[in-house]
Each structure stands twice: as structure tokens, then as C-alpha cells.
Amino acid sequence: MWPDLIKKAKEGGLNAIETYIFWNVHEPLYRQYDFSGNLDFIRFIRVVQDYGLYAILRIGPYVCAEWNYGGFPVWLHNMPNMTFRTNNKVFEEEMKTFTTLIIEMVRKEHLFASQGGPIILSQLENEYGNVKSKYGNDGKEYINWCADLAESYKVGVPWIMCQEWDAPEGMINTCNGYYCDQFYPNHGMPKMWTENWTGWFKNWGSKYPRRTAEDLAFAVARFFQYGGTLQNYYMYHGGTNFGRTSGGPYIATSYDYDAPLDEYGNLNQPKWGHLKNLHTLLRSMEETLTNGFSSNIEYGNMLTVTSYEHRGDRVCFFGNANETNDATFDFEGATYTVPAWSVSILPDCYTEVYNTARVNAQTSVMVKLRNGADAFREPYNLQWTWRAEKFEHVKDDDAKKGYLQFDGLLDQKFVSNDTSDYVWYMTSVDIDHNDPAWREEVTLKVHTKGHILHVFLNGKHVGSQAAKDGHWTFDFLTKFRMKNGKNALSLLSVTNGLQNYGAFFDKEQHGILGPVKLIGGDNQVKHLDEHGWTYKVDLNGIGKGLYMKDTRYNRNWKVENLPTNRMFVWYKTTFKAPMGDDPVVLDLLGMGKGIAWVNGFNIGRYWPSYFADDNGCDFKCDYRGKYGSNKCLTGCGESSQRWYHVPRSILNDDNNLLVLFEEFGGNPANVEVQTVTVGKACGNAYEGNKLELSCQGGKIISDVRFASFGDPKGSCGAFHKGHCESPNSLSVVQEACLGKESCTIDASEWTFQPSGCKIPTKSLAIELAC
Ligand code: GAL
């Protein structure tokens with residue numbers, strides 16, 4: 001996907017791409033490195049360079065990023081005397097080894113700007129200022145050590161440290177957040193914004209945060225109004241946390257972020273287009289902005305006019321930060337109106353060319369196409385086969401088979417070394433029915449540090465529980481009768497992304513750490529914490545590679561009696577790739593929770609049965625006023641993630657293998673392979689602007705559903721004519737757009753017949769079908 005995404009970023013007016021480096025994927029096991037395929041970051045930077053863009057390299061190696069364990073490998077934590085991100089010699093030694101490796105790889109390829117390459121800035125650490133005080137003096141020493149390490153590399157490009165208010169000398173403190181106009185770095189450094197959050201990430205069970213194009217553009221324009229020199233979106237494209245890469249706990253597989261390029265790489269319109277117009281304009285003023293003298297005039301009521309002057313050129317920003325009141329005022333002999341919470345940009349201090357609240361870009365309504373649509377070569381009902389996953393329990397030869405055995409409960413991270421979400425904690429308990437306390441029903445109580453627990457007694461499932469509402473620690477309680485003699489108790493503990501944020505997050509423990517106890521009659525208790533426990537990492541089916549095409553275990557998949565709503569089932573099918581280039585998704589509604597693989601590639605954890613609650617989406621999404629991740633939510637009462645991205649690059653033209661491991665129980669009959677595409681394109685433009693409309697991806701505009709130049713009302717999908725309109729509105733647009741891939745229309749009386757509207761600014765509204 002890289003070339004296409006980078007091309008779209010460039011077309012969107014960007015001139016630099018920022019990326020993190022993720023230590024845990026590059027060094028999954030101690031000193032075993034992987035820079036192949038998707039992990040070939042050198043190649044990524046080369047693609048950026050090939051498109052003529054700059055690169056910003058945020059090495060971390062702590063990255064946060066909603067990424068598993070913040071980007072750290074778990075083996076690092078398992079080293080003796082280890083504490084992350086502080087003045088700890090073991091940590092610093094390892095961090096240095098890794099960052100040096102990265103720097104030398106980059107240097108060898110001549111990728112730093114000082115060597116003629118695209119990398120203009122580098123970063124060590126990430127937002128250390130947010131947690132530094134928790135580490136006391138060791139925190140200070142550590143960040144100074146980071147700064148010395150950075151300087152020692154002599155890469156010839158500046159080093160940045162985001163959210164590090166008193167960044168050590170030589171390091172540039174940069175801002176992260178929704179608004180950074182009032183941020184000023186220490187040491188008189190240039191004002192840079194490393195993370196302008198374009199939306200927010202999504203958790204399992206939560207709603208979808210959206211940030212409007214108007215508010216995002218407002219934040220960008222204000223940043224440059226107040227002396228900003230570099231602004232980076234986090235995310236411009238967030239994509240998907242494939243495999244087990246999402247952090248958390250409980251961060252969803254989709255990392256769409258409501259970014260200008262959506263999860264699948266489609267343009268998220270109007271955000272992409274509205275920002276593109278802004279970028280084009282800002283870059284045309286670059287010379288004056290970066291060299292000019294600025295001066296402000298305060299008009300009161302949060303209205304500020306800023307002008308920059310350089311060699312006779314002047315550019316102006318009219319910023320209105322009032323949340324409710326539009327401002328009408330005079331400036332140098334002319335009268336202007338700036339809507340509430342918006343910035344107007346006048347590249348000659350006279351003509352307004354852009355206003356952040358007036359969107360002249362198209363809105364695309366994305367749709368999912370399913371069975372029967374043109375792109376599908378076969379009418380399908382997926383034909384499923386299945387087999388059951390084994391329930392494990394202690395066996396006499398466990399030690400011989402090399403399973404870890406220990407008289408006590410261990411941190412799941414330590415046991416699995418983070419190679420799997422699944423760890424079995426198994427023990428055997430002797431019960432004597434001669435003792436009346438143990439003859440009847442007994443209670444099992446398991447205290448776990450999350451995130452999901454399945455309990456089995458003598459090979460029979462007796463209960464499951466998942467952490468909910470952010471309470472990762474919980475008590476599981478159940479009652480059962482035990483047999484006389486040996487009883488096998490097996491607890492399957494499942495993690496769902498390791499913590500990625502907060503001071504000392506590395507110390508957080510997972511899994512079953514006790515107490516685990518059986519309570520018999522007369523309140524007699526058997527404490528099992530110090531029992532002999534056998535640990536088995538991973539699912540049997542994953543170990544066998546059931547998700548792969550060619551395995552020894554291709555047999556034993558059954559066609560008949562396809563189970564539904566049964567836990568621990570493997571499902572397998574094949575499908576043909578839909579024709580065309582539109583991104584492909586799996587609709588997994590109806591499934592419970594598990595993992596999905598396509599052609600052996602892990603497309604991530606799925607959990608479509610986890611629905612968001614009903615509350616919080618009912619108020620109108622007003623772009624005015626400060627944004628926060630609870631504003632403008634959508635998806636109330638819906639599955640928190642129903643669709644799962646299957647990148648085209650992993651699909652074969654012919655048969656593709658889809659394998660699901662279903663942990664909770666679901667119904668594969670509803671699973672569909674679908675494509676995501678533009679269903680309709682709408683646009684509004686104010687008089688004097690050009691409206692560009694396109695169906696994207698080479699598709700043809702098939703119908704003009706609405707067109708009116710005058711004072712049209714309503715929004716995409718529900719436009720209607722106002723009091724007046726040009727009589728030839730529809731025919732002009734039909735002529736310009738029908739049967740084409742894209743069209744551009746001038747919203748003016750040059751293009752349309754007179755409308756007869758007696759209003760100061762007319763506008764054009766169009767709805768097209770793709
Ligand atoms: C920042 C962090 C990013 C990301 C973001 C939230 O604090 O630097 O890596 O986690 O928050 O999406």
C-alpha cells in the first residue's frame with residue numbers, strides 16, 4: 001500500500017511523512033532482527049524519497065502509538081533488574097544497542113538530509129514530559145542521557161523531543177495535541193507540532209470518535225497564524241493494527257483515527273480535500289511566513305488579525321476563536337465576516353481565499369458492496385468447514401514435553417514472552433469425597449489481572465468472563481461438583497493488547513496472579529496459588545498452523561454439522577478476490593471474538609460482538625468549540641468493529657484462504673467479503689470557488705441526483721432547493737460530470753445562468769451517484 005498512500009498524501013499537499021520505529025516487531029526475540037517485508041522501514045523511507053517528500057524519523061524506541069507494549073519487546077522486560085524509560089543501566093544499554101542499529105542502517109543508506117537523504121528531523125523517546133516527574137531524579141538523568149546519546153550520533157539533522165517542556169539543551173521540544181497555537185518551545189527553538197490528532201483511536205466496545213474538517217483546518221491555520229513552522233498530522237493514515245500489534249488493553253484492530261486517508265487508504269472526504277486546499281495555500285505563502293515579520297491587531301471578542309510582511313509581500317490571517325459569534329469588522333478599508341471558530345486566510349491581505357469553516361471540498365459517502373455486486377465474480381455463499389480447538393488439561397508427561405512447570409502463579413507476559421494472547425494455567429486438585437466438605441458443590445474463585453478468562457474442569461467448560469469498562473482486574477466465581485480423586489483444573493487466560501502508556505507501564509502484570517481458591521462446605525478452603533501449575537502457551541491450532549494453506553493438518557476439517565455459537569471452533573473457507581482495486585473488507589458481524597487470517601496473514605483480532613452503548617451520539621456535531629475525543633461520536637449501539645481490512649496486497653486473484661478462530665461462539669453464515677467504495681459524492685462550494693468532484697479509483701459518475709446554484713439547503717443525501725436557483729443548474733452539472741471519472745465546476749454566474757438570488761454569497765450544492 002505504501003506507494004499509493006504516499007502518492008495520495010502528496011496529492012493532499014503534504015511535503016513530509018513522519019513515522020515511528022517499532023522495536024518489538026524488529027527485534028521480536030533477543031538479537032533476532034527482522035526488517036523484511038512490511039518491516040523494511042528503509043524501503044519505506046526510500047518510497048517517501050522517491051515521491052520527493054521529506055521524512056521525519058521518530059525512533060522512540062518508546063512510541064506509545066496504541067501499539068502493543070508501547071513498542072517495547074517483552075523479552076526486554078523479562079531481563080533481570082529491568083525498569084523501562086529511566087536511569088536504569090540495563091535498559092539504557094539495550095536502548096542504545098537498538099537505536100544505534102537503526103541510526104547506522106539509516107546512515108549507511110544515506111537517508112539523513114545531511115547526506116542528501118529525505119530525513120530532516122529525528123526523535124528519541126516520546127512524550128517523556130508527561131511522565132518524567134513520576135521517575136524523580138532518575139527521570140531527569142535519563143532524559144539527559146537520551147539527549148547525549150542523540151547528540152553523539154552526529155546525524156547532521158536536528159533532534160526533537162515531543163511533549164518535553166524542559167527539553168535538554170540542543171533538543172527541540174515539540175507539541176502534541178488538538179491545538180498547538182499557544183505552544184512555545186524552550187531555548188527559542190522553532191515552533192513545531194509533531195502530532196495534530198485528526199480524530200482519535202477506538203477501543204473495543206466504544207464509539208467512533210470523529211473530528212470535523214472545519215475544526216482540524218482551524219487548528220492548522222491558527223498554528224501558522226501564530227508562528228508555526230512545521231505541522232504533522234497524527235494520523236494522516238492510521239490504517240490497521242494487523243496481527244497482535246494493537247496495544248491497550250482493548251484497543252481495536254482498526255486504527256482508522258478518522259484520518260484524512262481512511263483505514264483502507266480511501267480519501268476521507270471532505271477532510272482530505274479541505275486540508276489539501278489549506279496546504280496548497282499555506283505552501284504558496286511559505287517564503288513570507290517563514291521569513292516575514294508578524295504583527296497582530298486585537299479586535300476583542302477573540303478576533304485577531306495577524307499579518308506577515310517580507311520584501312513587500314504581505315499575507316494575513318483573520319482568526320476568530322469565539323465559539324459562537326461570527327465577527328464582522330473593517331480592515332484597511334474593506335469589511336469582512338469571519339464565522340465563529342474559524343480562520344480566514346488572505347494571501348494579499350485583501351482577498352479572502354480560504355476560510356476554515358467554509359468547506360469547498362467534496363463529501364464522499366462510502367458504501368460497502370456485497371454479494372451480487374459487479375465486482376464479485378461468483379454469487380457466493382461461503383462454504384465453511386470446521387474443526388474444534390482442544391481444551392487442555394494437565395498430563396503426566398507435560399514436563400517431558402517441555403511445558404513450563406512452577407509451584408506458583410506467574411505473570412502471563414513472562415510466560416508467553418508475548419508470542420501469543422493465550423496461556424493455559426493448568427493444575428490438578430485432589431478431592432476426597434469421604435470429606436463431606438468436598439462431596440457437594442464447591443465454589444471456585446479466581447482473581448485475574450485480565451483480560452479474559454475461560455475455565456475448564458476435567459475438560460469441560462464451566463465459565464468465561466471478560467474484563468469490561470476498563471476494569472482489567474476481576475474476580476471470576478463459579479460453582480461446580482468435583483469428582484472423587486484427581487480433578488484437572490485448566491484456566492485459559494487471554495490478553496488483548498498490552499499496556500502502552502503511563503509511568504511504569506512496563507511493570508503492569510497480566511494473567512492469573514491469584515488468589516485462586518476452591519471453597520468447599522463449612523467454608524473450607526483449598527488455596528491453589530502455590531500449587532504445581534503447568535503452563536502452556538498458545539492455542540493448539542495456532543501451533544499446528546491451521547491458518548496456513550499447506551499444513552499437515554489439512555485433513556480433519558468437517559463439512560457437516562457446522563457449529564454455531566460454540567466456543568473454540570476453527571472455521572475455514574475460500575473466496576475469490578473481488579475484481580477491481582477497491583479495498584476489501586470482511587464483514588464479521590455475527591461472529592463473537594477471535595482471530596482472522598487470510599492466506600496465512602493475520603488480519604488481526606476480531607470482536608464484532610462487543611457493542612458500544614447507546615449514549616453519547618445524540619447531540620449535533622458542531623465544529624465550533626474545543627474538540628475532545630468524546631465530541632462528535634458516531635456508532636452508538638453498534639458493533640464497535642464490524643469490518644476488518646484485508647489488504648489487496650495479500651490477496652491472490654484466484655482462491656484465497658480465510659480461517660477464523662472463534663473463541664466465544666458465533667455464526668459464520670453471516671460472514672461476507674465486501675469492497676469499500678464511494679457510493680455518492682456531494683459537494684458544496686461558495687460562489688467564486690471551484691468544486692472538484694470525483695468517484696475515486698477510476699469509477700464513472702452515473703447520475704446527478706441534485707444540483708442547485710443559488711441558496712440550496714440541507715446536507716449530503718438531503719439537499720433541497722432554496723428560494724432561488726439558476727434554471728440551468730442541473731443541465732450544466734450533467735453536461736460537465738455524467739459519464740466522467742471526475743469533473744470541476746466553477747460556482748459562478750459565468751458557469752450558470754443568473755439565479756436571481758438577492759443574497760451576498762450564493763452557493764452550489766451537488767449530489768452525484770458513483
Ligand atoms: C500521543 C502519543 C502517540 C499516540 C497518541 C494518541 O500521546 O505520542 O503515540 O499514542 O498520543 O493516539
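Whatever order the structure lists ligands and atoms in, that order sets their numbers, starting from 1. Since the structure is predicted, the reported quantities are computational estimates derived from the model, not experimental observations.
Residue contacts with ligand 1 include Y20, since one of its heavy atoms falls under 4.0 Å from the ligand.
The contact set between ligand 1 and N126, taken as ligand atoms under 4.0 Å from a residue heavy atom, comprises 2 (C), 8 (O). Taking every heavy atom of Y257 and a limit of under 4.0 angstrom, the matching atoms of ligand 1 come to 6 (C), 12 (O). Near A65, with a cut-off below 4.0 Å to any heavy atom, the atoms of ligand 1 are 3 (C), 4 (C), 9 (O), 10 (O). Listed by atom number, the atoms of ligand 1 under 4.0 Å from W200 heavy atoms are 6 (C). Close approach of ligand 1 to Y255 (heavy-atom distance below 4.0 Å) involves ligand atoms 12 (O).
Counting heavy atoms closer than 4.0 Å to ligand 1, residue Y234 contributes side-chain atoms (C-beta onward) but none from N, CA, C or O. Proximity of V63 to ligand 1, defined as any heavy-atom pair under 4.0 Å, is confined to the backbone N, CA, C and O atoms.
Aromatic rings of Y627 and Y179 (six-membered ring for Trp) have centroids beyond the 6.0 Å cut-off, not under it. Annotation: W204 is not in aromatic contact with Y250 [ring centroid separation under 6.0 Å not met]. You'll find the ring centres of H77 and F72 outside the 6.0 Å limit.
Atom 1 (C) of ligand 1 has its nearest heavy-atom neighbour, among E66, M235, E195, Q163, in E195.
Between H279 and Y233, the angle of the ring planes lies from 30° to 60°, which puts this pair in the tilted group. Between Y234 and Y257, the ring planes lie perpendicular to each other; the angle is over 60°, past the 30° to 60° tilted range.
A donor-acceptor pair is defined here as one N or O able to donate and one able to accept, closer than 3.5 Å; no such pair exists between the side chain of N602 and the backbone of F242. A donor-acceptor pair under 3.5 Å is formed between the side chain of H26 and the backbone N or O of D34.
Nearest protein neighbour of atom 7 (O) of ligand 1, counting heavy atoms only, is E127 OE1, 2.3 Å.
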